[in-house]
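These figures come from a predicted structure and were not determined experimentally.
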Amino acid sequence: MAKMKFRPLHDRVVVRRLESEAKTAGGIIIPDTAKEKPQEGEIIAVGPGARDESGKLVPLDVKVGDKILFGKWSGTEVKLNGEDLLIMKESDIMGVLA
């Protein structure tokens, strides 16, 4: 993928959804219309961080390349460089997958 020409502001991150498995454990193929949107993603851009009460910059706990878990209705869907992505605040992220 080409270098992204978008930089999120403050404590926002840009996330690419990771596709879920198209088959169940029993081998049943799930059609696209029945699939839920995946709640896992990979961070592809991060903002500089938020400011605290004193105006000091607080950097984000996540970085580009982290695999994350986020809420079902988190973020705003956008299309950048022809790719469907999510922009969300760091507080919408539940955790980093190891």
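- Between Met88 and Gly75, the shortest heavy-atom distance links the atoms CB-CA, 3.6 Å.
- Applying the side-chain contact (heavy atoms from CB on, under 4.5 Å) test between Ile44 and each of Val15, Val13, Asp66, Leu85 identifies Leu85 as the sole match.
- Note on Leu86: it does not cluster hydrophobically with Met94, by side-chain heavy-atom contacts below 4.5 Å among ILVMFWY residues.
- Residues Ser54 and Asp52 share a closest heavy-atom pair of OG-OD1, 2.9 Å.
- Scanning both residues, Pro48 and Leu9, for their nearest heavy atoms gives CD-C, 4.3 Å.
- The shortest non-hydrogen separation linking Gln39 to Gly71 is NE2-C, 3.7 Å.
- No continuous path of ILVMFWY side-chain contacts below 4.5 Å connects Leu69 to Leu18, so the two sit in separate hydrophobic clusters.
- Minimum interatomic distance between Ala45 and Phe6 (heavy atoms only, all atoms of both residues): CB-O, 4.2 Å.
- Put simply, Leu97 and Ile68 are part of two different groups of oily side chains (I, L, V, M, F, W, Y) that touch within less than 4.5 Å, one to the next.
- The two residues Asp61 and Glu90 make their nearest non-hydrogen contact at N-OE2, 2.6 Å.
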What do the steps show when you test Asp92 against Lys89 for salt bridge (charged side-chain N to carboxylate O under 4.0 Å, His left out), and what is the final call? CA-CA 6 Å; Asp92 291 339; Lys89 288 186 161 259; over 6 Å; no

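- Each of Glu40, Glu42, Glu77 was evaluated against Arg16; a single residue qualifies, Glu42, per the salt bridge (charged side-chain N to carboxylate O under 4.0 Å, His left out) test.
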